[in-house]
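What follows is a set of notes on a single structure, which appears directly below.
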Amino acid sequence: MAHPGRLLRLADDMAGRGAEDAGFAALAVLAAHAVLESLVNQLGRQEIQSFNERARFLPKWHDLCERTLGRQLDAAPDLELLHALRDGVAGFSGPPERLDRRSPTPPPEVPEMLSVETARWAVGAARRVVEEFPSTRGS
């Protein structure tokens with residue numbers, strides 16, 4: 001299994017190369033999402049005996065945060081948008097998935113075109129989540 005820091009460096013490199021080829025921007029989004037998928041599975045295995053690694057990404061985050069923190073991360077909207085970007089790169093065209101289906105806030109708006117700036121944002125969002133989760137657990 002890849003370490004989140006290693007995947008973040010790869011995602012950052014891909015985002016930087018996005019100006020050369022849009023495919024690198026797409027790879028950056030996929031790698032940024034993989035960082036969080038890896039992290040939620042690792043933390044879920046450690047913290048929740050009945051954790052289902054095969055569950056969908058956002059429900060796993062929702063469950064992990066509710067059970068271990070008692071609330072969602074401040075970066076929750078970033079998680080939703082990053083997941084929606086990943087879905088777009090993977091070719092999924094349905095409505096964006098939500099952390100909490102009952103949320104009164106509007107779903108994330110996904111840009112039509114994937115840009116270098118969007119790829120860099122995705123890497124930054126993954127980095128913020130990686131940093132926020134452990135700091136929130138300690139408080």
Checklist entry - Going by heavy atoms in the side chains, are P107 and E80 under 4.5 Å from each other? => result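 They are not in contact (no side-chain heavy atoms under 4.5 Å apart), so the answer is no.
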
Next on the checklist: With a 4.5 Å cut-off on side-chain heavy atoms, are H33 and L85 touching?
Outcome noted: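 No, their side chains stay 4.5 Å or more apart.
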
Roughly how far, to the nearest 0.5 Å, is [atom2] of [Y] from [atom1] of [X]?
X	Y	atom1	atom2	value
L79	H83	CG	NE2	10.0 Å
T68	I48	OG1	CD1	6.5 Å
R45	L64	CZ	CG	11.5 Å
L30	M14	CG	CE	11.5 Å

Heavy-atom pair of closest approach, residues [X] and [Y]:
X	Y	value
A76	L99	CB-CD1, 3.4 Å
A31	L7	CB-O, 4.4 Å
A122	A32	O-CB, 3.6 Å
V89	A26	CG1-CB, 3.9 Å
A126	L36	O-CD2, 3.8 Å
A84	P96	CB-CB, 4.1 Å

Hey, any chance [X] and [Y] share a hydrophobic cluster, counting ILVMFWY side chains that come within less than 4.5 Å of each other, even indirectly?
X	Y	value
L10	L27	yes
L39	F51	yes
L82	V110	yes
L73	L8	yes
L114	F92	no

Checklist entry - Excluding sequence neighbours, so at least two apart, what forms salt bridge (Lys or Arg N to Asp or Glu O under 4.0 Å) with D74? => result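 D74 satisfies salt bridge (Lys or Arg N to Asp or Glu O under 4.0 Å) with R71 only.
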
Item to check | Set of residues satisfying salt bridge (Lys or Arg N to Asp or Glu O under 4.0 Å) with respect to R9, sequence neighbours excluded | outcome: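 None.
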
Next on the checklist: If you count every heavy atom of other residues, nucleotides or ligands that lies below 6.0 Å from E20 atom CD, does the total exceed 12?
Outcome noted: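 Yes.
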
Between side-chain atoms of residues 56-63 and protein atoms elsewhere (two or more places apart, or another chain), which donor-acceptor pairs fall under 3.5 Å?
residue	atom	partner	partner atom	Å
R56	NE	E97	OE2	2.7
R56	NH2	E97	OE2	3.2
K60	NZ	E37	OE2	2.5
K60	NZ	N41	OD1	2.9
K60	NZ	E53	O	2.9
D63	OD1	R67	NE	2.8

